[in-house]
Each structure stands twice: as structure tokens, then as C-alpha cells.
Asks: 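Have a look at this one before I ask anything.
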Amino acid sequence: MTLELNIKPKTYDFYLMILTSAVLALIGLVCLYGIGYYTYTNETAPQWTQTQMYGDYIDSMNQLIYPFVVLLLVALGLCIPKRIVPRQSLLAAGTGILAVTFFIALITNIGISLAFLLAISIVVQAAVMVLTMLGRGGLTYEREGYFVRTGSSMLHLGTVIFVFDFVSMRSSELHIPVFWVATILITVGTVLSFYPGEVGSIARLLRSGGRSS
């Protein structure tokens, strides 16, 4: 198997890739800190989740991860101009959505504003994925090829759903199902993005086998 990356350095997409990777790494560190704090506190004070201490922990984690989630969604959103709308229109729409998000944070709380921003991002990324799989919308990508494009859109959607699950679904009964949806999207998207040639070969083999039967 060969892994081919066709993203030129010092281009718009290259810097977006670097920004997205850095923000994801920071979100990962925040998650590790949260898990570590939760585990340690649960061992030293088993009943802490029934006290105000747990509420303070949730609030502090939301405040800590808030700027990184906003940066991540901005970075993922900036990947859309070449796919659906002109860059100027996207920037204008993105600015409006961010303004509404911050307004919601002011009148309610950070958790609700994050849920709103993530929900909007899920809808947008889901639309991109559907259009990509249908081959419509005049979509173009930095790396061409149907499987690469489909994998990229699945990675974006899976990442946003994963963050949404971590931020907004922790106490929901749907937490685990949503987590597995995100995991499947990220896993399949990774395979399609990095091994499009092998996936294409398998698809052609299955197609030829179906015709011969």
C-alpha cells in the first residue's frame, strides 16, 4: 500500500491542514486533562459527581475547550469554499454564525452556544458529504478522486460529531451511539482518504464480479 499526499506547502489548503491538526492536538490534550482530573477526583471523592464540584468541573471544561472548538469549526468551515460556495460568501456566513454563537453564550451559557455552533456545523458537513457522494454541487478538492473526496467529507463530519458528543452528549443516553457514529465516519473516512487506490481496486473487483454473475 502506498500513501500519497498531494498538498503543496505554503498554499491555502496546506496552512488549513496545519491549523486543523494543531487545534485537534490541543483539543486532545484538553480531553486527556479532563479524563485525568475526572479519574483522580473519582478515586479521592467517589460521590463528587453528586455535588456542586461536578457542575464546576463541567463549566470549567467547557470554558477551557470553547476557544479550541471554535477554532476547529472555523478551520473546517474554511475548507468548504472550494466545494459549495464562494469564499467571500462563506466568510460572511461564518462571521454571522459566530456572532450568533457568542450572543447565545452571553444570554445563556457556553454549553448551549457550543451545542448550537456544533449543530450548525454538523448540518453543513452532512450536506457536503451527501453532495460529495452524489457527485453534485460542483465540488472540487485539493486532492482529486471520488474516494478521496468522500473520505475527506466523512472525516470532517465525523470529527465535528465526535466533538459534539464530547461537549454536549456526555450525560445523554445517546452518548455511546453518537460516539460510534463519529468513530465509524472517522475510520471509514481515513481509509478512503489515505488508501483511495486500494479502495478503488476493490470496488472495481466487486463490480466486475457482480456483472459476471
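Index from 1, following the sequence. Side chains included, hydrogens not; waters and symmetry mates left out as well; all remaining heavy atoms used.
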Asks: Just to verify, which of I97, V160, I161 counts as forming a side chain to side chain contact (heavy atoms under 4.5 Å, CB included) with S121?
Replies: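 Exactly one candidate clears the test, V160.
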Asks: In terms of ring plane angle, is the pair Y38 and Y54 parallel, tilted or perpendicular, where the classes change at 30° and 60°?
Replies: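 Perpendicular, since the angle between the ring planes exceeds 60°.
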Asks: Could you tell me whether Y66 atom OH has more than 12 heavy atoms of other residues or ligands within 6.0 Å of it?
Replies: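 Result for OH/Y66: enclosed.
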Asks: Exactly one of L106, I112, L114, T108 should register a side chain to side chain contact (heavy atoms under 4.5 Å, CB included) with I110. Which one does?
Replies: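 Exactly one candidate clears the test, L114.
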Asks: Which of these, L117, V69, L24, I65, sits in a side chain to side chain contact (heavy atoms under 4.5 Å, CB included) with V163?
Replies: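 The single option meeting the side chain to side chain contact (heavy atoms under 4.5 Å, CB included) with V163 is V69.
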Asks: What pairs with V123 under side chain to side chain contact (heavy atoms under 4.5 Å, CB included), at least two apart in sequence or on another chain?
Replies: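 Once residues adjacent in sequence are excluded, V123 has no partner under the side chain to side chain contact (heavy atoms under 4.5 Å, CB included) criterion.
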Asks: Give every residue pair that meets the ring-ring contact (aromatic ring centres under 6.0 Å, His included) criterion with at least one member in residues 95-119, sequence neighbours excluded.
Replies: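 For residues 95-119, and leaving out neighbouring residues, there are no ring-ring contact (aromatic ring centres under 6.0 Å, His included) pairs at all.
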Asks: Got F164 and I122 here, is their nearest side-chain heavy-atom distance under 4.5 Å?
Replies: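 Yes. Closest side-chain heavy atoms under 4.5 Å.
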Asks: Are L72 and T159 packed together at the side-chain level, in the sense that at least one heavy-atom pair is separated by less than 4.5 angstrom?
Replies: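 Yes - at least one pair of side-chain heavy atoms lies under 4.5 Å apart.
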Asks: What residues form a side chain to side chain contact (heavy atoms under 4.5 Å, CB included) with T187, not counting sequence neighbours?
Replies: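 Applying side chain to side chain contact (heavy atoms under 4.5 Å, CB included) to T187 gives T183.
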Asks: Rounded to the nearest 0.5 Å, what separation is found between the CG atom of L118 and the OG1 atom of T101?
Replies: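 Nearest 0.5 Å value for the CG-OG1 distance: 9.0 Å.
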Asks: Does any non-hydrogen side-chain atom of L155 lie less than 4.5 Å from one of L185?
Replies: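 Heavy-atom side-chain distance check fails, nothing below 4.5 Å.
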